[in-house]
Amino acid sequence: MHDLKYLRDNLDLVRTSLERRGRDVPWDTIQKLSEERRTLTTQVEQLRHELKKGSDDVAQRRRAKLPADEAIEAMKQVGERIKEIDGRLRDTEETLNGLALCIPNLPHHTVPQGTDSTQNVEVRRWGTIPSFSSPPKPHWEIGEALGILDFDQAAKIAGARFAVLSGAGAKMERALIDYMLDLHTTQHGYREILSPVLVNRQTMTGTGQLPKFEEDLFRLRDEDWFLIPTAEVPLTNLHREEILSEDRLPIRYTACTPCFRREAGSYGRDTRGLIRLHQFNKVELVAFTTPDCSYDELERLTGHAESILQNLNLPYRVVTLCAGDMGFSSAKTYDLEVWLPSQGQYREISSCSNFESFQARRANIRYRVGGGKKEAKPDFVHTLNGSGLAVGRTLVAILENYQQPDGSVLIPEALRPYMGGKERIVKE
RNA sequence: GGAGAGGUGGCCGAGUGGCCGAAGGCAACGGUUUGCUAAACCGUCGUAGGGACAAAAUCUCUACCGAGGGUUCAAAUCCCUCCCUCUCCGCCA
């Protein structure tokens with residue numbers, strides 16, 4: 001959500017900024033509606049003023065035992081006019097609001113130009129790509145051979161794009177979750193949260209999933225509840241409609257939740273394995289900061305996500321998404337891409353974004369500038385989030401990068417304490 | 001699911017049709033007093049959207065008493081719907 005006043009005053013800048021994202025925005029309609037709203041508002045307020053005065057007059061006359069019929073009659077008519085103009089005002093606002101909610105965030109000036117993922121810019125690489133004597137196997141083959149992954153069973157009980165993990169597979173998923181949460185809470189200063197994974201419409205609007213992307217979400221049939229596509233949604237909305245005191249900032253939360261995605265429009269992509277599922281676990285990092293710190297925080301948060309990959313010794317690279325490839329709400333996004341030997345390429349495992357005040361406006365999350373001083377005015381916080389990490393894809397990366405010629409998989413050292421000291425997964 | 005009680009400013013809490021953006025208290029902030037701390041006293045003390053002013057200070061208008069409708073010249077107050085919280089009963093992990 002943008003500040004409509006800001007849009008109006010900086011129309012050219014905004015327009016060129018959004019062109020970088022390749023999105024069409026109905027500027028003329030918006031401009032026309034804003035003007036309409038303004039005139040209608042003024043009119044309604046003037047009439048209300050009149051009504052108020054008139055009503056006071058009636059009250060005074062009553063007290064003085066004077067007749068008031070004339071004033072009452074006049075006010076009746078004012079009331080009618082208010083009703084009529086207010087109705088038009090409401091329609092205007094509703095339309096305008098709907099349009100405004102569908103305008104994406106403006107890309108930060110450091111975001112590279114581009115229309116799709118081929119124009120993302122690599123920032124750095126880390127780790128050594130492992131070499132294999134024979135062609136590395138995809139994780140689903142490894143997992144099925146070890147008896148720890150079963151997609152047939154998943155299809156039977158749920159459908160396509162689900163997975164069943166068992167034995168050491170299930171255990172490793174849980175170990176990864178514990179390991180990630182422990183690291184973020186003890187080393188990186190995040191507070192662990194366990195939240196609902198069903199949320200209401202307002203919450204989904206706060207972070208930007210609604211109204212534009214409803215078809216990506218699972219929704220309950222009998223209640224207006226949605227399954228979260230990421231913990232970003234509940235975590236960011238924890239402070240919806242709040243004014244935080246500045247000394248509480250930055251606030252950092254982490255949570256592991258299941259994430260649910262319709263994956264509409266991704267037919268035929270990543271149909272095998274754990275890469276793209278309707279349900280997966282993800283450890284999420286969310287931060288609330290003052291506007292002047294948010295880009296430092298983005299670097300820090302990205303680093304926190306990277307540290308997991310480093311500790312697990314998984315090779316990865318960091319890319320800056322170009323303007324055309326960024327998510328709707330983001331002002332700047334780094335993707336972390338882990339090396340997948342079977343595909344011979346880097347694949348997204350984390351996405352770290354600064355939303356600046358975009359979500360904060362939608363969700364009305366503010367902070368009090370300058371503590372409790374009289375001149376202190378509330379201002380919107382900046383919100384950020386990043387995966388730290390997508391657990392299923394981490395499991396994929398481990399299976400593939402740590403696979404052995406005999407079909408077993410070594411367990412990364414950092415994870416062994418979480419797996420009862422075990423060093424290797426062998427066929428069960 | 002059944003029965004009942006509630007939702008008022010940062011918090012507590014008064015207010016059952018007009019003079020209520022809302023008493024009183026607490027907290028917070030500024031000040032006076034004080035050797036220091038405390039106390040006492042005085043003052044300030046919500047958010048948002050318009051307008052006036054070149055702009056700031058300031059002034060002014062409008063909206064907001066859980067949300068949305070309705071009645072009325074006039075609604076925190078009356079009516080309806082919904083949401084949420086609490087208590088009791090039932091059911092349940």
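As the structure is a prediction and not an experimental result, all values here were calculated from the model. Naming convention: chains lettered A, B, ... in sequence-line order (proteins, then strands); numbering from 1 in each chain.
One interatomic measurement links the two molecules: CG of Asp69(A) to P of U72(B), which rounds to 16 Å at whole-angstrom precision. The separation between Leu51(A) atom CG and G18(B) atom P is 16 Å, rounded to whole Å. Atom CD in Gln202(A) sits about 17 Å away from atom P in G66(B), given to the nearest Å. When the C1' atom of U47(B) is taken as reference, atom CG of Leu244(A) falls 15 Å away, rounded to whole Å. Whole-Å rounding puts the Gln43(A) CD to G51(B) C1' distance at 15 Å. Atoms CG (Asn97(A)) and P (A48(B)) sit 17 Å apart, rounded to a whole Å. Note: CD (Gln46(A)) to P (G51(B)) measures 12 Å, nearest angstrom. In this structure, Arg61(A) places its CZ atom 15 Å from C1' of G18(B), rounding to the nearest Å.
Between Ile72(A) and Arg366(A), it is Arg366(A) whose nearest contact on RNA chain B lies nearer the 5' terminus. Judged by closest nucleotide on RNA chain B, Asp56(A) is the one of Arg48(A) and Asp56(A) placed further toward the 5' end.
Nucleotide U32(B) forms a Watson-Crick or G-U wobble pair with A40(B), both donor-acceptor distances falling under 3.5 Å. Across all strands shown, nothing is found opposite A93(B) as a Watson-Crick or G-U wobble partner with both distances under 3.5 Å. Pairing partner, G18(B): C73(B), with both Watson-Crick or wobble hydrogen-bond distances short of 3.5 Å. Figure legend. A52(B) is base-paired to U58(B); pairs are counted as Watson-Crick or G-U wobble with both atom distances under 3.5 Å. Nucleotide U85(B): paired with A5(B) (Watson-Crick or G-U wobble, both distances less than 3.5 Å). Pair assignment for A23(B): none, as no Watson-Crick or G-U wobble contacts are both less than 3.5 Å. G46(B) is paired with C64(B) under the Watson-Crick or G-U wobble criterion, all donor-acceptor distances under 3.5 Å.
A gap of 24 Å separates the P atoms of G18(B) and G25(B), to the nearest Å. Across G70(B) and A48(B), the matching P atoms stand 28 Å from one another, rounded to whole Å. One P atom belongs to A27(B), the other to C41(B), and the distance between them is 12 Å to the nearest Å. Remark: the separation of the P atoms in A14(B) and G24(B) is 15 Å, to the nearest Å. Distance noted for atom C1' between C65(B) and U77(B): 10 Å (whole Å). Nucleotides A76(B) and U16(B), compared at atom C1', are 10 Å apart to the nearest Å. On the C1' atoms, U62(B) is 31 Å away from G6(B), given to the nearest whole Å. For the C1' atoms, the distance from A75(B) to G69(B) is 14 Å, rounded to whole Å.
OP1 or OP2 of U62(B) has at least one side-chain nitrogen or oxygen of His49(A) nearer than 4.0 Å. In this structure, Lys52(A) reaches the A63(B) phosphate: one of its side-chain N or O atoms is under 4.0 Å from OP1 or OP2.
Side chain of Thr257(A) to main chain of Cys259(A): no donor-acceptor pair is present (N/O by atom type, distance under 3.5 Å, no hydrogens or angles). Formation of a donor-acceptor pair under 3.5 Å by the Arg219(A) side chain with backbone atoms of Leu227(A) is not found in this model. Side-chain atoms of Arg393(A) come within 3.5 Å of backbone atoms of Glu348(A) as a donor-acceptor pair (strictly under, hydrogens ignored). Side chain of Glu141(A) to backbone of Pro138(A): no donor-acceptor contact under 3.5 angstrom is found. Looking at Thr185(A), its side chain never comes within 3.5 Å of a backbone N or O of Tyr190(A) through a donor-acceptor pair.
Between the side chain of Arg63(A) and the base of C19(B), at least one donor-acceptor pair of N or O atoms lies under 3.5 Å. A donor-acceptor contact under 3.5 Å is not formed by the side chain of Glu45(A) with the base of G51(B).
Comparing atom distances between the Ser55(A) side chain and each of A74(B), G50(B), G69(B) picks out A74(B) as nearest.
For the pair Glu242(A) and Arg366(A), the salt-bridge criterion is not met [side-chain N within less than 4.0 Å of a carboxylate O].
At a threshold of 4.0 angstrom between heavy atoms, the contacts of Arg38(A) are confined to the sugar-phosphate backbone, with no base atom among them. Among the heavy atoms of the strands lying under 4.0 Å from Lys83(A) are primed sugar atoms or P, OP1, OP2 only; no base atom is included.
Within 6.0 Å of the CZ atom in Arg81(A), the count of heavy atoms belonging to other residues, nucleotides or ligands does not exceed 12.
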